[in-house]
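Let me begin by presenting the structure, written as structure tokens, before commenting on it.
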Amino acid sequence: MTSEGPAIPADAVDTAVQAPGPVSPGRRRGRRAVDVPDLVARARDGEARAVARLITLVEEASPALREVAAALAPHTGHAQVVGLTGSPGVGKSTTTTALVRAYRERGLRVGVLAVDPSSPFSGGALLGDRVRMQDHAGDAGVYIRSMASRGHLGGLAWATPQAMRVLDAAGCDVVLVETVGVGQSELEVASLADTTLVLLAPGMGDGIQAAKAGILEVADVLVVNKADRDGADQTVRDLRYALSLGGRHDLPGAWRPPIRRTVAASDTGIDELAETIGEHRAWLDSSGEGYRRRLVRAAREVEVIALAGLRERMGDVRGSAALGTLAEQVVAGESDPFRAADTLIAQL
Ligand SMILES: Nc1nc2c(ncn2[C@@H]2O[C@H](COP(=O)(O)OP(=O)(O)OP(=O)(O)O)[C@@H](O)[C@H]2O)c(=O)[nH]1
Ligand SMILES: [Mg+2]
């Protein structure tokens, strides 16, 4: 594996963070050297450094972003995006690492995105994850990257799907996305993924909590990890009961989320989990649901990018003569704020 750390020299990360502000001439010269077609070709050959550079370009909204997106587009649509979500410490990173091993044994190429919406920088808890993922160090068939909100444009909502596109275009068969279980992130990861794994552990009251929080509704596969601990049977029973109460899974032809037990720390149940994920992919393909999810995802991507663009243009409008004129009309009672806002939007 190659983590972001060793793959990109620190100065490359620094220079890439220069989106709009003033940039020193020397740095700018360095950044102009982006040869996008070459970079994409090398990423498709599995060169981790090229993949890292492409993700940095999209993450930091580089001026080359549009060219990058256009170059990637024809190569996307192959990867199965598998989201892993669940409470802190439930075993998401351990399961991710174990799944990477299972997929590598099957000869598949794997991308991993560890998404931390709570961190303003890469690092923190995820740094520990990265260290653990060193299991896969040196394997060219694995690409691992931590993503943290850097406050650009739409932040992670914006950057994560674009990083997924890079991994997809780079030839990953599976992209695993781990999100820390805070607030709405379960629902967020579900909207990004083709297949959503919800992880639970015994003794955390998780089965009941998950049912209450509506997390079962987004689960395609329920994983009771730490099945080596007391209470795993009870958690499974709780989940079965909660599922029996009905929901979207009861519709005709619907996928009923299987419950899998794992001990990720010792690789137990991981091959079965990989099988189940494969079965879900087959169902996505045969039912048309996979296509529907991709449409929803693409629509959301377009929306997020369009909103970021609008916000940027609004920034240009702020303090402009056109807005000044509209404000005068509102103050004079010749217009009202709603009509003035419509006029402004029409001018953007
Ligand atoms: N007993 C037992 N421990 C496990 C198992 N899987 C993971 N652990 C341990 O649980 C702890 C947390 O595992 P992580 O994989 O870091 O959990 P996580 O969900 O990624 O945690 P966050 O990213 O902090 O939300 C670690 O100490 C693991 O070694 C398991 O199947 N059984
Ligand atoms: Mg983790």
Check: [Y] and [X] side chains under 4.5 Å, non-hydrogen atoms:
X: L39; Y: V68; answer: no
X: S335; Y: L326; answer: no
X: Q329; Y: R339; answer: no
X: Q234; Y: P202; answer: no
X: H75; Y: V40; answer: yes
X: E312; Y: L348; answer: no
X: P257; Y: H280; answer: no

Within this structure, what is the [atom1]-[atom2] distance for the pair [X] and [Y], rounded to the nearest 0.5 Å?
X: L72; Y: M164; atom1: CG; atom2: CE; value: 12.5 Å
X: T196; Y: L199; atom1: OG1; atom2: CG; value: 11.5 Å
X: S87; Y: K92; atom1: OG; atom2: NZ; value: 7.0 Å
X: N225; Y: R261; atom1: CG; atom2: CZ; value: 12.0 Å
X: Q80; Y: D285; atom1: CD; atom2: CG; value: 8.5 Å
X: D194; Y: L284; atom1: CG; atom2: CG; value: 6.0 Å

Does [Y] offer a backbone N or O that forms a donor-acceptor pair with the side chain of [X] under 3.5 Å?
X: R294; Y: G77; result: yes
X: R44; Y: A169; result: yes
X: K226; Y: A232; result: no
X: E105; Y: D271; result: no
X: S320; Y: D316; result: no
X: D45; Y: E47; result: no

Shortest non-hydrogen contact from [X] toward [Y]:
X: V82; Y: A193; result: C-CB, 4.4 Å
X: V51; Y: A170; result: CG2-CB, 3.9 Å
X: L54; Y: A43; result: CD1-CB, 3.6 Å
X: T95; Y: A264; result: OG1-CB, 3.4 Å
X: T276; Y: W255; result: O-CH2, 4.2 Å
X: P161; Y: L192; result: CG-CD2, 3.9 Å

- Task: Give the intermediate values and the outcome of side-chain contact (heavy atoms from CB on, under 4.5 Å) for residues M314 and L344.
- Result: CA-CA 9 Å; M314 274 305 295; L344 187 68; 3.8 Å; yes
Look at the side-chain heavy atoms of Ile, Leu, Val, Met, Phe, Trp and Tyr, link any pair under 4.5 Å apart, and say whether [X] and [Y] land in one connected group.
X: L84; Y: V263; answer: no
X: L310; Y: V304; answer: no
X: L307; Y: V58; answer: no
X: L57; Y: L65; answer: yes

- Before giving the answer on salt bridge (charged side-chain N to carboxylate O under 4.0 Å, His left out), spell out for D220 and R281 the whole-Å C-alpha distance, their side-chain angles and the decisive distance to 0.1 Å. CA-CA 10 Å; D220 297 307; R281 179 174 197 159; over 6 Å; no
- Item | L167 vs I55, side-chain contact (heavy atoms from CB on, under 4.5 Å): CA-CA, chis, key distance, verdict | CA-CA 8 Å; L167 293 173; I55 295 185; 4.2 Å; yes
- Would you tell me whether R293 and T195 have side-chain atoms, one donor and one acceptor, within less than 3.5 Å of each other?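 Note: R293 and T195 side chains miss the donor-acceptor criterion.
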- Does a donor on one side chain sit under 3.5 Å from an acceptor on the other, for H78 and D173?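 A pair is found: one side chain offers a donor N or O, the other an acceptor, under 3.5 Å apart.
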- Item | CA sep, side-chain torsions, deciding dist, call: R104, V110, side-chain contact (heavy atoms from CB on, under 4.5 Å) | CA-CA 7 Å; R104 292 303 295 144; V110 193; 4.2 Å; yes
- Message: Between R237 and D233, does any NZ, NE, NH1 or NH2 come within less than 4.0 Å of an OD or OE carboxylate oxygen?
- Response: no
- Task: Please say whether more than 12 non-hydrogen atoms of neighbouring residues, nucleotides or ligands are located less than 6.0 Å from CZ in R106.
- Result: yes
- Task: Begin from the C-alpha positions of R42 and R53 and carry the test side-chain contact (heavy atoms from CB on, under 4.5 Å) through to its verdict.
- Result: CA-CA 11 Å; R42 286 192 286 124; R53 183 86 178 105; over 6 Å; no
- Among T97, T94, L99, whose side-chain contact (heavy atoms from CB on, under 4.5 Å) with I270 holds?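 For I270, the side-chain contact (heavy atoms from CB on, under 4.5 Å) test succeeds with only one of T97, T94, L99, which is L99.
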- Message: salt bridge (charged side-chain N to carboxylate O under 4.0 Å, His left out), that's the test. Do R297 and E301 meet it? Break it down for me.
- Response: CA-CA 6 Å; R297 198 156 82 203; E301 273 180 78; 5.1 Å; no
- Task: Could you walk me through whether E289 and R292 pass salt bridge (charged side-chain N to carboxylate O under 4.0 Å, His left out), step by step?
- Result: CA-CA 5 Å; E289 174 66 11; R292 198 198 63 82; 3.0 Å; yes
